[in-house]
Participant: 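Pasting in a structure now, in C-alpha cells, and then I'll have a few things to ask.
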Amino acid sequence: MSWATATLSEVATIERNSVAPGAITSGTTYVGLEHISAGGERFSPIQVEAGELSSNKFAFDADTILFGKLRPYLAKVVAPLVSGVCSTDILPIRPGGDLDKKFLLHFLLTPKQVAHVANRATGANLPRLSPIELAAMEIPLPPLKEQRRIAGILDAADALRRRRREALALLDTLPGAIFAEMYGKRSDLPTAKIEDVVVNSRTGPFGSQLLKSELVEAGIPVLGIDNVVTNKFVEETPRFITEEKYKALQRYTVIPGDVLITIMGTCGRCAVVPTGIPTMVNTKHLCCLTPKHDEIHSEYLRAAFLFDEDVHRQLEQQTKGSIMSGLNMGIIKGLSIKLPPMAEQKAFAARLHNANSHIENCITHSIELETLFAALQTRAFAGEL
C-alpha cells in the first residue's frame with residue numbers, strides 16, 4: 001500500500017512556549033527526563049511547589065506528545081494525559097488535524113525511527129536532536145481513519161506486553177515471598193555458620209596463577225561475574241583455558257550443586273550450579289561453596305543468602321553498610337543462617353522449582369509478545385496491517 005508522506009513540520013508543531021519560574025504555581029505538573037523511562041515504558045510526572053523550579057520550562061498539555069531530545073536513542077517519548085511544564089530537554093509536539101496523536105506516538109517509538117533520530121543527534125558526550133532535525137523527519141500519512149485503526153491495534157498489543165511485564169515483575173518477587181513465608185519469622189530453628197555446612201569454599205586463581213594472556217577462544221570454560229549477575233546461573237562465557245592449564249587449576253573446578261556468590265563488581269549476586277554442565281573453573285571474582293548436601297540444600301543456601309533479613313543485617317554490619325565494596329569469602333563463611341530440617345529445605349526447593357517454572361513460562365510468553373509487537377510495528381508503518 002502506498003501512502004502519502006509529510007515532514008513533521010507539515011503536520012505538527014514543535015512548541016517551545018517558555019514558562020518563567022515565577023509563573024509556575026504550586027500543584028503544577030512537572031516532567032523532567034528522569035520522569036520518562038527509556039522507550040516511554042513508565043511516565044511518572046511530579047507535582048511541584050511555587051519557587052521549586054529555578055529555570056524556564058516548556059508548557060505542554062494533553063494534546064501534545066513529549067519528545068526527549070537529549071540522548072534520543074533512549075526513546076523517551078510519551079503522550080501525557082495532563083497539562084503542565086517540562087524540561088527544555090523535552091520538546092512538546094502538537095499534531096495537526098491530519099495527524100492522530102497516538103499514531104504519531106507509535107511511529108516515534110519504532111526501532112527504525114529511534115535509530116533515525118539517534119543518527120542525527122549531535123554532541124559526543126550528551127547527544128541532542130535539534131528541533132530542526134525533528135521537524136524535518138518524514139512520516140507516513142495514511143487517512144486519519146486508518147491512522148486511528150493502526151494506533152488502536154498497536155495500543156492493544158502494547159497493553160498486552162505491558163501486562164505481561166507487570167506479571168513477570170510480580171513473579172520475580174515470588175521466591176523471596178516463599179522464603180519469607182516459610183522462614184521469615186521462625187525463631188525455633190537452630191543456626192549454623194556457613195563455614196560449618198560446606199565441604200569446601202574457595203575463590204578462583206589469583207595473580208600469576210591465571211593471566212589474561214592465558215585465556216583462549218575455546219577449551220575449558222572460566223566462570224566470572226557475568227555468569228551470576230542475574231542471580232541465575234548463565235552457562236555461556238567468553239573465557240576459556242587450555243586442557244594443559246586446567247591441570248594446574250583443577251582445585252577451582254565447580255560442580256553441580258555449588259553455590260556461587262559474586263565478591264567483586266556486582267557483589268552479592270548468587271546462583272546454584274545446575275546439573276549437566278561441562279568441566280568449568282571459577283575466577284577470583286566468585287566465591288564458590290560446596291554444601292554438605294546431607295545438612296543443607298543448595299537452593300536453600302542460595303535463598304538464605306539472598307532473602308534472609310538476619311543474613312542481610314549481618315552483611316551490613318560486616319561490610320559497614322556497603323556490600324558492594326566489602327564482600328569477601330571470610331565474611332561469607334562467617335555468616336550465621338537458620339538451618340531447618342532437610343525435609344523442610346527440600347519442600348522449599350520444590351516450591352521454588354514450581355515458581356521458577358512459572359517465571360520461565362512468563363518470560364517465554366513475554367518474548368513472544370515483544371516479537372509480535374515488533375512485527376506489528378513494522379507492518380503497521382509499511383502499510384501492511
Side-chain angles (χ1 to χ4, degrees), residues 36-44 68 71-79 102-103 105-118 149-178 221 223-239 260 262 265-266 269-278 280 299 302-303 306-307 349-385:
I36 307 173
S37 68
E41 295 294 334
R42 290 182 302 280
F43 180 50
S44 51
R71 297 191 181 95
Y73 56 83
L74 294 176
K76 293 195 172 189
V77 186
V78 294
K102 296 302 291 289
F103 178 85
L105 174 70
H106 283 295
F107 177 74
L108 293 173
L109 288 172
T110 60
K112 181 179 178 180
Q113 287 311 116
V114 173
H116 173 85
V117 296
R149 185 186 74 85
I150 290 170
I153 293 172
L154 293 177
D155 276 346
D158 187 39
L160 283 174
R161 66 175 189 149
R162 286 173 186 263
R163 282 199 291 270
R164 181 61 65 178
R165 288 175 183 172
E166 292 168 1
L168 186 55
L170 287 173
L171 280 173
D172 280 341
T173 67
L174 187 54
I178 293 171
L223 301 175
I225 294 171
D226 50 341
N227 298 101
V228 188
V229 73
T230 59
N231 285 326
K232 297 178 183 177
F233 182 82
V234 178
E235 185 172 328
E236 293 75 17
T237 176
R239 298 168 300 274
L260 302 177
T262 58
T266 52
R269 305 291 185 176
C270 191
V272 175
V273 178
T275 58
I277 63 163
M280 295 179 162
E299 292 291 354
R302 170 188 174 274
L306 289 176
F307 306 131
R351 291 184 64 182
L352 188 65
H353 176 76
N354 289 335
N356 286 333
S357 294
H358 286 303
I359 292 171
E360 290 302 321
N361 287 336
C362 190
I363 290 173
T364 299
H365 293 156
S366 181
I367 292 172
E368 290 172 351
L369 283 173
E370 294 293 339
T371 302
L372 171 63
F373 186 72
L376 285 174
Q377 281 182 311
T378 300
R379 293 178 59 191
F381 296 103
E384 300 172 355
L385 195 59

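Because the structure is predicted, anything quoted here is derived from the model rather than measured. By convention here, the first residue in the shown sequence is residue 1. No hydrogens, no waters, no symmetry mates; every other heavy atom, side chains included, goes into these values.
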Participant: Would you say Pro72 and Val77 make side-chain contact, with heavy atoms under 4.5 Å?
Facilitator: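 Pro72 does not reach Val77 side chain to side chain.
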Participant: In plain terms, say whether Arg161 and Glu166 are close enough for a salt bridge, that is, a side-chain N and a carboxylate O under 4.0 Å apart.
Facilitator: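 Here Arg161 does not pair with Glu166 in a salt bridge, since their nearest N and O are not under 4.0 Å apart.
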Participant: Looking only at heavy atoms, which two atoms of Leu105 and Ala79 are closest? And how far apart?
Facilitator: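 Where Leu105 meets Ala79 most closely, the heavy atoms are CD2-CB, 3.9 Å.
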Participant: Any non-hydrogen side-chain atom of Glu235 less than 4.5 Å from a side-chain atom of Pro278?
Facilitator: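 Contact flag for Glu235/Pro278 side chains = yes.
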Participant: I need the Glu360 CD to Lys232 NZ distance, nearest 0.5 Å.
Facilitator: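 Rounded to the nearest 0.5 Å, the CD-NZ separation comes to 4.5 Å.
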Participant: Considering all heavy atoms of both residues, which atom of Val114 and which atom of Ala75 are nearest to each other, and what is their separation?
Facilitator: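 Looking at all heavy atoms of both residues, the shortest contact is CG2-CB, 3.7 Å.
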Participant: What's the separation between atom CZ in Phe107 and atom CG in Leu154, rounded to the nearest 0.5 Å?
Facilitator: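 Rounded to the nearest 0.5 Å, the CZ-CG separation comes to 12.5 Å.
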Participant: For the residue pair Leu171 and Pro175, what are the closest heavy atoms and their distance?
Facilitator: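 Taking Leu171 first and Pro175 second, the nearest heavy atoms are O-CD, 3.5 Å.
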Participant: For Val117 and Tyr73, what are the C-alpha separation, side-chain angles and deciding distance, and is it a side chain to side chain contact (heavy atoms under 4.5 Å, CB included)?
Facilitator: CA-CA 7 Å; Val117 296; Tyr73 56 83; over 6 Å; no
Participant: Does the Arg269 side chain pair with the main chain of Asn227, one donor and one acceptor, at a distance under 3.5 Å?
Facilitator: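 Judged by distance alone, no pair lies under 3.5 Å.
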Participant: Drop me the distance from Leu376's CG to Arg379's CZ, to the nearest 0.5 angstrom.
Facilitator: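 Reported to 0.5 Å precision, the distance equals 7.0 Å.
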Participant: Heavy atoms, side chains only, cut-off 4.5 Å: are Val234 and Val228 in contact?
Facilitator: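 Not in contact.
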Participant: Roughly how far apart are Ile225 CD1 and Leu260 CG, rounded to 0.5 Å?
Facilitator: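 With rounding to 0.5 Å, CD1 (Ile225) is 12.0 Å from CG (Leu260).
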Participant: Does the side chain to side chain contact (heavy atoms under 4.5 Å, CB included) test come out yes or no for Phe373 and Leu160, once each step is laid out?
Facilitator: CA-CA 9 Å; Phe373 186 72; Leu160 283 174; over 6 Å; no
Participant: So do Phe307 and Ile178 actually touch side chain to side chain, heavy atoms under 4.5 Å?
Facilitator: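 With C-beta onward as the side chain, the pair stays apart.
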Participant: Quick check: closest heavy atoms across Phe233 and Val272, and the distance to 0.1 Å?
Facilitator: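 Closest approach of Phe233 to Val272: CB-O, 3.5 Å.
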Participant: Atom CG in Asp158, atom CD in Gln377: separation rounded to 0.5 Å?
Facilitator: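 Taking CG in Asp158 and CD in Gln377, the distance rounds to 8.5 Å.
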Participant: Does any N or O in the side chain of Ser357 come within less than 3.5 Å of the main-chain N or O of His353, such that one atom is a donor and the other an acceptor?
Facilitator: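 A pair under 3.5 Å: yes.
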Participant: Among side-chain atoms of His106 and Asp155, is any donor-acceptor pair under 3.5 angstrom?
Facilitator: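 The answer is yes; a qualifying pair exists.
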Participant: Let me see the working for Thr364 and Ile367 under side chain to side chain contact (heavy atoms under 4.5 Å, CB included), right down to the final yes or no.
Facilitator: CA-CA 5 Å; Thr364 299; Ile367 292 172; 5.9 Å; no
Participant: Are more than 12 heavy atoms from other residues, nucleotides or ligands located less than 6.0 Å from atom CZ of Arg162?
Facilitator: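 Check passes, neighbour count above 12.
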Participant: How about Ser44 and Ile36: do any of their side-chain heavy atoms sit closer than 4.5 Å?
Facilitator: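 In short, these two side chains do not touch, never coming nearer than 4.5 Å.
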Participant: Could you pull out the closest heavy-atom pair between Gly40 and Val78, with the gap in Å?
Facilitator: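 Shortest heavy-atom separation between Gly40 and Val78 comes out as CA-CG1, 3.9 Å.
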Participant: Check this for me, if you would: do Arg165 and Glu41 make a salt bridge, where the nitrogen-to-carboxylate-oxygen distance has to be below 4.0 angstrom?
Facilitator: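 Salt bridge between Arg165 and Glu41, a charged N being under 4.0 Å from a carboxylate O: yes.
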Participant: Find the distance between CG (Asp172) and SG (Cys362) and round it off to the nearest 0.5 Å.
Facilitator: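 So the CG of Asp172 and the SG of Cys362 are separated by 8.5 Å.
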Participant: Listed by chain and number, what are the ring pair (Phe, Tyr, Trp, His ring centres under 6.0 Å) partners of Phe43, not counting sequence neighbours?
Facilitator: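 Per chain and number, Phe43 pairs via ring pair (Phe, Tyr, Trp, His ring centres under 6.0 Å) with no residue.
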Participant: Compare all side-chain heavy atoms of Lys76 with those of Ser37 and state whether any distance is below 4.5 angstrom.
Facilitator: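 With C-beta onward as the side chain, the pair stays apart.
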Participant: Does the side chain of Leu108 come within less than 4.5 Å of Phe103's, by heavy atoms?
Facilitator: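 No, every pair of side-chain atoms sits at 4.5 Å or beyond.
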Participant: Answer whether the closest heavy-atom distance between the side chains of Arg302 and Asn231 falls below 4.5 Å.
Facilitator: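 Result yes, sub-4.5 Å side-chain heavy-atom pair found.
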Participant: Test side chain to side chain contact (heavy atoms under 4.5 Å, CB included) on Leu168 and Ile363 and set out the steps.
Facilitator: CA-CA 7 Å; Leu168 186 55; Ile363 290 173; 3.6 Å; yes
